[in-house]
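Take a look at the structure set out below.
Everything numeric here is computed off the predicted structure, so don't read it as measured data.
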Amino acid sequence: MTRWGFLAAALLALAGCAQPEPRYLVGNPYRLGGVWSYPQEDYALSETGLAEVLAAPLFGGQTANGEAFSAQGLTAAHRTLQLPAIIRVTNLENGRSILLRVNNRGPEKPGRILAVSPRAGALLGMTPGRAAQIALVVDAEKSRAVAEGLPGQAPPPIAIAAAPRAAVAREELAPLPGTREAPRREVQPLPSAAPVTEIEPQSRSNPVTLPETVMQTTPRPGVLLVEAGQFSGRSAAEAVAARLPGARITQQGRGRNASFRVALGPFTEVRAADFALERTLAAGLSGARIIVE
């Protein structure tokens with residue numbers, strides 16, 4: 001056996017001996033692909049952007065929250081969401097939509113909001129090596145369910161005490177003159193409905209396996225914009241736009257609810273949007289991102 005063969009065998013042996021234990025994770029700010037990311041809990045996230053298929057590691061690999069990477073699992077990598085989280089991902093180019101479990105950090109390439117496993121990419125109709133327009137929405141209920149029972153930083157549930165219930169006194173009264181007392185019937189309480197849990201809490205030894213259920217929706221491909229930022233005041237937006245030749249300012253809302261977005265585009269090609277994003281990041285606008293509109 002060659003030296004590389006011995007090395008591969010040793011790595012596989014080590015991978016087999018290790019027992020990955022999934023855990024709940026938010027994590028600290030980190031730098032990846034030259035861009036800083038700031039993880040946080042977000043059970044209401046809804047965003048659009050570009051996604052790619054994650055290349056499977058050569059020797060298995062481990063995810064950011066401690067699981068063994070599976071190319072056949074319905075999993076994904078996101079830069080800031082709590083791990084794990086359940087999201088619905090829709091390929092805007094063909095309308096295919098599935099549930100995925102976020103258990104890793106990434107993608108590394110700036111301008112990508114999600115990297116999906118090879119199996120998830122195949123179900124979504126994505127081509128490896130090519131960015132696809134997607135929309136993602138966090139399923140808050142399912143996300144909280146999969147985090148239950150995991151070690152880590154998951155906040156304990158908030159206990160809400162019920163209001164004290166006063167005692168009710170009852171007094172038997174004699175029937176009125178000329179009336180008859182009807183026979184009493186025992187009222188049986190209705191059986192309480194059993195709670196329905198679509199996703200069982202995740203455990204250390206049994207990460208959640210999502211069903212391969214693909215929903216077909218109407219394709220909604222759009223154009224790409226590089227959003228440099230959103231500001232509450234027009235003067236701040238104008239200062240940023242002055243640093244980006246070709247940037248446009250659009251107002252959303254009115255009065256106190258008004259916000260001003262600075263963006264480049266629209267672009268119909270991913271390559272053009274990537275180039276504009278590089279230029280925006282180089283101008284010091286680290287929060288810039290590519291969105292689909």
Side-chain angles (χ1 to χ4, degrees), residues 15 20-25 39 41-58 60-109 112-150 152 154 196-217 219:
E21 293 187 349
R23 59 195 176 100
Y24 180 89
L25 176 70
E41 277 190 343
D42 192 343
Y43 290 96
L45 180 65
S46 176
E47 61 181 344
T48 64
L50 297 175
E52 61 184 19
V53 178
L54 183 67
L58 182 60
Q62 195 168 343
T63 65
N65 76 328
E67 299 178 24
F69 176 81
S70 171
Q72 297 302 311
L74 298 187
T75 57
H78 192 275
R79 281 181 169 255
T80 60
L81 276 174
Q82 68 277 1
L83 307 178
I86 302 297
I87 59 176
R88 176 162 291 282
V89 179
T90 302
N91 185 340
L92 297 176
E93 298 174 9
N94 59 23
R96 295 187 187 182
S97 177
I98 59 173
L99 287 176
L100 298 181
R101 183 166 53 90
V102 180
N103 67 348
N104 210 355
R105 287 288 176 237
E108 182 176 359
K109 185 177 178 62
R112 308 294 182 264
I113 64 171
L114 198 70
V116 303
S117 68
R119 180 57 181 165
L123 293 174
L124 284 168
M126 296 171 57
T127 302
R130 176 185 174 276
Q133 297 182 13
I134 67 147
L136 74 82
V137 179
V138 173
D139 189 309
E141 183 178 358
K142 292 181 174 63
S143 295
R144 294 185 189 278
V146 297
E148 291 180 10
L150 290 181
V196 178
T197 304
E198 294 185 14
I199 295 184
E200 296 294 332
Q202 182 169 294
S203 66
R204 293 191 181 195
S205 58
N206 183 29
V208 172
T209 301
L210 295 173
E212 292 190 348
T213 304
V214 180
M215 294 177 56
Q216 183 62 53
T217 63

Partner residues of R119 under the salt bridge (charged side-chain N to carboxylate O under 4.0 Å, His left out) criterion, sequence neighbours left out: E212
Test log, rule side-chain contact (heavy atoms from CB on, under 4.5 Å), inputs L100 and I87: CA-CA 5 Å; L100 298 181; I87 59 176; 4.2 Å; yes
Where G95 and T217 come nearest, the two heavy atoms and their spacing: O-OG1, 2.6 Å
Pairs involving residues 46-57, ordered by first then second residue, that meet side-chain hydrogen bond (donor to acceptor under 3.5 Å, both in side chains) (sequence neighbours left out): E47-H78
Residue list, salt bridge (charged side-chain N to carboxylate O under 4.0 Å, His left out) with D42, at least two apart or on another chain: none
Taking every non-hydrogen atom, the tightest pair across P219 and E93: CB-O, 3.7 Å
Residue list, side chain to side chain contact (heavy atoms under 4.5 Å, CB included) with L54, at least two apart or on another chain: F69, A115
Gap separating the CG atom of L83 from the CD atom of E41, nearest 0.5 angstrom: 11.0 Å
Any donor-acceptor N/O pair, S117 side chain to G73 backbone, under 3.5 Å: yes
Side chain to side chain contact (heavy atoms under 4.5 Å, CB included) involving V214 - partner list, sequence neighbours excluded: R96, I98, L123
pair V102-V138: side-chain heavy atoms closer than 4.5 Å: no
Shortest non-hydrogen separation from L114 to A76 and the atoms involved: CD1-CB, 3.9 Å
From I113 atom CD1 to L136 atom CG, the distance as rounded to the nearest 0.5 Å: 4.5 Å
P39 versus R105, closest heavy-atom pair with distance: CB-NH2, 3.5 Å
Contact check, side chains of I134 and V116, non-hydrogen atoms, under 4.5 Å: no
Qualifying residues under side chain to side chain contact (heavy atoms under 4.5 Å, CB included), relative to L50, sequence neighbours excluded: R112, A131, Q133, L224, V270, I290
Listed once per pair and sorted, the salt bridge (charged side-chain N to carboxylate O under 4.0 Å, His left out) pairs that draw on residues 70-91, sequence neighbours left out: none
Any donor-acceptor pair under 3.5 Å from D139 side chain to I86 backbone: no
Side chain proximity check, L81 to S143, heavy atoms < 4.5 angstrom: no
Partner residues of T63 under the side-chain hydrogen bond (donor to acceptor under 3.5 Å, both in side chains) criterion, sequence neighbours left out: N65
Counterpart residues, side chain to side chain contact (heavy atoms under 4.5 Å, CB included), relative to R144 (two or more places apart): Y43
Any donor-acceptor N/O pair, Q216 side chain to N94 backbone, under 3.5 Å: yes
For the student: nearest non-hydrogen atoms of A85 and Q82, plus distance: CB-O, 3.4 Å
Inter-residue atom distance N91.CG - L124.CG, 0.5 Å rounding: 6.0 Å
Student check: side-chain heavy atoms of T213 and L99 closer than 4.5 Å: no
